[in-house]
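Working notes for the structure below.
Below, all heavy atoms of this structure are taken into account, side chains as well, without hydrogens, waters or symmetry copies. Because the structure is predicted, anything quoted here is derived from the model rather than measured. Every chain is numbered from 1 and lettered A, B, ... according to where its sequence line falls, protein lines coming before strand lines.
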Amino acid sequence: MIEAKGLTKRYGATVAVDNLSFEVKPGRVTGFLGPNGAGKSTTMRMILGLDTPTSGEVTIDGQRYRDLHRPLTKVGALLDAKWVHPNRSARSHLRWMAASNKLPKSSVDKALDMVGLTSVANKRAGAFSLGMSQRLGIAGALLGDPEVLLFDEPVNGLDPEGIVWIRTFMHRLADEGRTVLVSSHLLSEMALTAEDLVVIGRGKLIAQSTTQEFVDRASGTTVKVRTPQLDQFAGVLNEQHLATRIEDVEDQGKVLFVEGDLTTDQIGEAAAAHGIVLHELTLQRGSLEQAFMQMTGDSVEYHAHEEIAAVTSLDAPDAAEVAAGPKEDN
Amino acid sequence: MSVIAVERIKLFSTRSPWWCMIIAAVLTVGLSALFLGLAPSEQKLHATITDTQGGAQLSQMVIMVMAALAITTEYRFGTIRTSFQAVPQRAALLLGKTFVVAMLSGLIGVIASFGAWAIGDLVNSSANLAIDSAAEWRLLAGRGLIFALSAVIAVAVGALIRQSAGAIVILLVWPLLVEQLVQLIPKVGDDLNRWAPFTNANSFLFQGQDVGAGGGPGDATSYAMGPWWALLYFAGWAAALMTIALVSASKRDA
């Protein structure tokens with residue numbers, strides 16, 4: 001289990017990671033999601049003790065990385081597939097890594113075999129394609145048979161075959177009971193790979209939930225209803241077995257959201273049948289990407305455009321509020 | 001000592017250290033053969049062991065480049081992060097690297113100096129080049145110590161600068177230019193030169209040597225201290241720079 005508490009990293013005036021707290025549980029693939037520059041890599045470097053946090057801390061099973069004894073047996077990581085000396089062979093690269101943690105020489109062959117690089121093990125790593133470098137990086141991560149695995153953007157630049165291979169591999173590792181944290185800026189990829197999500201934007205935590213919850217909340221259509229007879233209408237809809245959710249939206253008070261891909265026509269007719277006054281009836285539609293962009297984009301400009309965001313949400317029928325929901329969890 | 005095994009594998013699994021070591025050895029030996037082989041017979045008669053060591057300074061530079069590259073290439077290719085990931089005790093890892101590089105440099109130094117002496121003796125039969133004084137033993141065997149300590153300084157500078165070109169420029173300009181140019185500063189210049197680290201490395205080697213036909217550093221009169229103190233002083237510089245490098249590497253983000 002990886003646990004971050006109030007993790008903060010400042011470079012001069014720039015805040016790369018801002019008071020970030022999250023947990024990564026064993027036996028599952030956790031996606032670490034955020035746009036480029038959100039602080040994913042910085043966070044991963046802090047997990048590995050490469051960068052020192054300005055404040056806060058991150059621990060692996062309660063221990064800081066720098067205090068780990070033979071860390072490769074505990075944590076395996078692939079942050080950058082290019083972190084290999086181009087003139088060193090794949091085997092030599094793994095050999096020095098194995099020697100550093102007193103791992104047997106057989107672990108090198110085992111790791112090479114696991115990623116399918118045995119036949120090119122004595123070739124210089126500089127001649128490897130990105131996919132092969134990525135495999136070498138994964139071999140390095142698996143060398144010490146660690147419980148915890150970190151991968152930073154592992155599918156970046158890979159061909160479809162490589163992507164499927166990595167995805168399957170991650171699941172296998174998690175099924176073996178390992179803790180797997182995979183970062184990506186590709187939400188669709190994460191939706192396929194990860195069971196849990198930690199979403200960050202501008203170094204801040206935006207959401208931590210299961211992927212299913214995140215997808216449910218972010219995608220599909222929701223009908224937004226503003227009415228003075230909020231509780232009454234919610235009761236009516238619940239009687240018809242419709243899922244409703246009441247949320248406090250800034251500057252608008254309590255707002256009713258009806259989930260389940262209904263049309264505004266259906267809701268409007270239901271309101272008319274029961275004599276409910278409606279102040280607003282809008283369809284909110286959001287793809288994963290949209291929701292993600294709004295959630296993370298919002299976190300970028302949230303403080304500057306707080307009020308404008310609330311106003312535009314009235315004009316734009318799309319899912320501005322979907323973003324507001326989980327954000328308030330912070 | 002797994003860090004020594006690690007750094008040994010790293011150093012020997014790429015080709016450039018091999019090339020640097022071979023060049024370093026060949027330079028000293030080859031230049032000795034040329035100096036003594038092509039010298040006019042008048043000079044050959046007065047040749048001394050010091051005359052066989054003309055290429056060693058150049059070899060020392062090559063060794064320092066090799067030592068600096070051993071660490072700066074790790075920063076260049078990002079392997080330093082993989083290294084610190086595998087061994088989070090950064091100081092231990094860097095000391096392991098320093099140890100391996102320094103031992104090897106020392107070995108090259110000894111091979112180069114004795115090789116140069118042997119070839120000199122071979123091509124110049126008209127002078128007696130037998131090693132028959134303690135000072136001459138110091139000159140030849142001491143070269144290993146100076147190469148090893150120079151390598152320590154080079155690793156330290158490389159770890160501080162983290163960049164090949166910058167580190168190499170410093171390591172070449174410092175002993176070859178800066179320590180000579182400070183002499184031009186009025187009043188304090190001579191003292192600055194006498195107390196400069198690489199000047200003392202040479203002072204350790206050349207004090208009390210028979211400079212023979214070529215003349216050279218051996219006949220400089222103003223040494224700051226005796227040869228063994230000079231060696232200790234040079235070692236002090238290496239230790240101080242290494243300490244700064246270790247503290248810096250442990251504190252800075254990799």
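Between Ser83(B) and Trp96(A), some side-chain heavy-atom pair lies under the 4.5 Å cut-off. Contact annotation: the side chain of Thr82(B) approaches that of Met97(A) to within less than 4.5 Å [non-hydrogen atoms, C-beta and beyond]. Using a 4.5 Å heavy-atom threshold, the side chains of Pro88(B) and Pro71(A) count as touching. Using a 4.5 Å cut-off on side-chain heavy atoms (C-beta onward), Gln85(B) and Tyr65(A) make contact. Side-chain contact between Arg90(B) and Arg66(A) is present, with heavy atoms from C-beta onward closer than 4.5 Å.
A donor-acceptor pair under 3.5 Å is absent between the side-chain atoms of Asp80(A) and the main chain of Gly78(B), judged by distance alone. Under the 3.5 Å distance criterion, the side-chain polar atoms of Asn87(A) are left unmatched by any main-chain donor or acceptor of Arg15(B).
For Lys74(A), the NZ atom is densely surrounded, since the number of other residues' heavy atoms within 6.0 Å is greater than 12. With a 6.0 Å radius and a threshold of 12 heavy atoms from other residues, nucleotides or ligands, Arg167(A) has its CZ atom above the threshold. No more than 12 heavy atoms of other residues, nucleotides or ligands shown are found within 6.0 angstrom of CZ on Phe99(B).
The two residues Tyr11(A) and Asp253(B) come nearest to each other via the heavy atoms CE2-OD2, 4.0 Å. Counting all heavy atoms, side chain and backbone alike, Ala86(B) lies closest to Asn101(A) at O-ND2, 2.9 Å. Contact record, Ala99(A) with Val6(B): C-CG2, 3.8 Å, taken as the closest heavy-atom pair.
For Leu50(A), the parts lying near chain B are the backbone and the side chain together; criterion is any non-hydrogen pair under 4.5 Å. Contact annotation for Lys9(A): only side-chain heavy atoms (C-beta onward) come within less than 4.5 Å of a heavy atom of chain B. Looking at Leu68(A), only its backbone comes within 4.5 Å of chain B, counting heavy atoms on both sides. Proximity to chain B is limited to the backbone of Lys82(A), based on heavy atoms less than 4.5 angstrom apart. Contacts of Ala98(A) with chain B are absent, with no heavy-atom separation under 4.5 Å from either backbone or side chain.
Summarising the geometry, atom CZ belonging to Arg95(A) is positioned 4.5 Å from atom CD1 belonging to Ile9(B); distances are rounded to the nearest 0.5 Å.
Judged by distance alone, the side chains of Ser13(B) and Arg88(A) do bring a donor and an acceptor atom under 3.5 Å apart.
Highest contact tally toward chain B, considering only Gly137(A), Gly140(A), Pro86(A), Ser92(A), is held by Pro86(A) [criterion: heavy-atom pairs under 4.5 Å].
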